Amino acid sequence: MKNKRNGNILFYSLIGYVLIAGVWWTYLLYIKNQDAYQARRDLLWLEMQREELVDTQSAFFESKAYQLLESQYGQQSWMILGEGSVLFLVLIVGIWVVVNSRQRELAVAEQQQNFLLSITHELKSPIASIKLVLQTLNRRRLSEQQTQKFTHNALTDTERLYSLVQDMLLAARLEDGHSYTFEPTNLQLLAEECINRVAAKFEGVIQLKVESNQEELIAEVEVSTFSSVISNLLENAIKYAPESPLIELRIRRQKEEVVLEVADRGYGIPKNQRQKIFQKFYRIGSENTRKTKGTGLGLYIVQKVVQAHKGGVQVLENQPQGSIFKVHIPRKH
Ligand code: ADP
């Protein structure tokens with residue numbers, strides 16, 4: 001943190017120095033040119049007087065030699081001011097480019113740092129608890145009931161690790177130019193499968209209300225990746241609404257599109273964060289997010305997959321509180 005502040009101070013001081021130096025050298029050149037002109041003019045005046053070419057100042061000002069000197073001075077002054085302004089503009093544009101890319105780099109570095117911290121935690125804690133369960137099972141004789149409880153906990157942790165690794169692999173694959181295989185799929189059935197999977201993971205935590213306006217909602221999707229979209233949205237709705245477990249999943253057909261909405265009554269997402277949350281590794285820097293497990297990969301995957309299906313995803317406000325994630329994709333790819 002201190003290093004970063006020192007780096008910033010040094011960086012902006014250097015920029016300030018370069019700008020001030022640019023203005024200062026232009027000014028100095030301008031003044032020196034003026035001094036040189038005045039010296040040459042005085043010399044010319046003395047020489048012309050000595051050679052008796054002029055006798056009054058007004059005759060001197062009208063002389064060809066003076067006019068030539070004057071026009072050379074004017075040209076040089078404009079040249080210095082013009083070059084100075086161009087240099088200043090180039091400096092400003094250059095600084096703007098450097099500041100922008102530096103800020104982007106800092107943001108990426110911070111996100112990667114966040115990712116590393118959360119991934120370390122996300123990997124370490126389930127592994128530690130699985131290890132503990134296995135050690136306990138190995139060393140002690142437990143009752144049937146206790147064994148069941150311990151193995152159940154270990155299975156939940158394994159499931160958590162598995163889905164984390166799945167997300168990481170999927171994100172890497174999507175970046176590598178994943179080639180999609182679209183097939184006509186009943187989205188209602190696919191959503192139900194995702195609900196069952198998520199409900200098993202967050203056992204007893206959610207109440208899901210599924211609404212659909214059609215019997216058969218067929219759309220061309222890639223089953224494996226589109227399941228990740230639905231599961232990620234459902235899991236987020238659960239994670240970021242711990243006090244209001246009612247989650248609604250709505251699917252409907254709208255002309256040539258299928259619209260899927262996941263609505264929760266949780267913390268909600270501030271307007272200025274609604275684009276950023278789709279960036280890779282981005283997590284809202286609030287207390288609520290910090291308390292919740294995650295890597296910032298879920299919504300990145302959601303957006304990438306939905307875009308590959310030629311659709312879009314939006315975040316809306318739920319009433320009286322919470323968020324709605326609205327995904328729309330064309331029925332035919
Ligand atoms: P993760 O959940 O692993 O942090 P995501 O990419 O799924 O990563 O989400 C990015 C961030 O967006 C989360 O850290 C959270 O702050 C915010 N977010 C996502 N879904 C919701 C939601 N339903 N309600 C409130 N905040 C959310």
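The residues of the chain are indexed from 1 along the displayed sequence. Order of listing sets the numbers, starting from 1, for every ligand and every atom in it. Atoms considered below: every heavy atom in the structure, side chains included; atoms not considered: hydrogens, waters and symmetry mates. Keep in mind it's a predicted model, so treat the numbers as computed, not measured.
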Review point. Are any of the N/O atoms in Tyr300 less than 3.5 Å from those in ligand 1?
Key: no
Study note, to complete from the structure: Under 4.0 Å between heavy atoms, the region of Asp264 that gets near ligand 1 turns out to be side chain
Practice item. For Ile269, counting its heavy atoms only, list the atoms of ligand 1 lying under 4.0 Å from any of them. Key: 21 (C), 25 (C), 26 (N), 27 (C)
Exercise for review: For this output row, return yes or no: ring centroids of His152 and Phe150 closer than 6.0 angstrom.
Suggested key: no
Point to revise | atom 21 (C) of ligand 1 [closest protein heavy-atom partner, distance rounded to 0.1 Å] | key: Tyr240 CD1, 3.5 Å
Exercise for review: Can you pull out the closest protein heavy atom to atom 4 (O) of ligand 1? Residue, atom name and distance to 0.1 Å, please.
Suggested key: Arg283 NE, 2.5 Å
**Study point:** Close-contact set for ligand 1 against Gly268 heavy atoms, below 4.0 Å
**Key:** 25 (C)
Study note, to complete from the structure: All heavy atoms of Gln303 vs all of Phe278, minimum pair found to be OE1-CB, 3.3 Å
Practice item. Answer yes if the side chains of Gln273 and Tyr282 hold a donor-acceptor pair under 3.5 Å, and no otherwise. Key: yes
Point to revise | Glu261 and Arg252: CA distance, side-chain angles, deciding distance, salt bridge (charged side-chain N to carboxylate O under 4.0 Å, His left out) verdict | key: CA-CA 9 Å; Glu261 285 178 344; Arg252 61 178 184 276; 3.6 Å; yes
Review point. Which atoms of ligand 1 sit under 4.0 Å from any heavy atom of Thr295?
Key: 1 (P), 3 (O), 4 (O)
Exercise for review: Would you check if there is a donor-acceptor pair between the side chains of Ser129 and Asp157 at a distance under 3.5 Å?
Suggested key: yes
**Study point:** Gly296: numbered ligand 1 atoms lying under 4.0 Å from its heavy atoms
**Key:** 1 (P), 3 (O), 4 (O), 6 (O), 8 (O)
Exercise for review: Could you tell me whether the side chain of Thr225 reaches within less than 4.5 Å of the side chain of Ile301, counting heavy atoms only?
Suggested key: no
Point to revise | Shortest protein heavy-atom distance from atom 16 (O) of ligand 1, along with the residue and atom involved | key: Thr289 OG1, 2.8 Å
Check your understanding: Would you say ligand 1 has an N or O under 3.5 Å from any N or O of Lys293?
Key -> no
Revision key, fill the gap. The atoms of ligand 1 lying under 4.0 Å from a heavy atom of Tyr282, numbered in the order shown, are 10 (C), 11 (C)
Check your understanding: Between Lys239 and ligand 1, which part of the residue brings a heavy atom under 4.0 Å of the ligand: side chain, backbone, both or neither?
Key -> side chain
Check your understanding: Closest heavy-atom contact between Val327 and Val306?
Key -> CG1-CG2, 3.7 Å
Check your understanding: Would you say the side-chain atoms of Glu70 and Tyr66 include a donor-acceptor pair closer than 3.5 Å?
Key -> yes
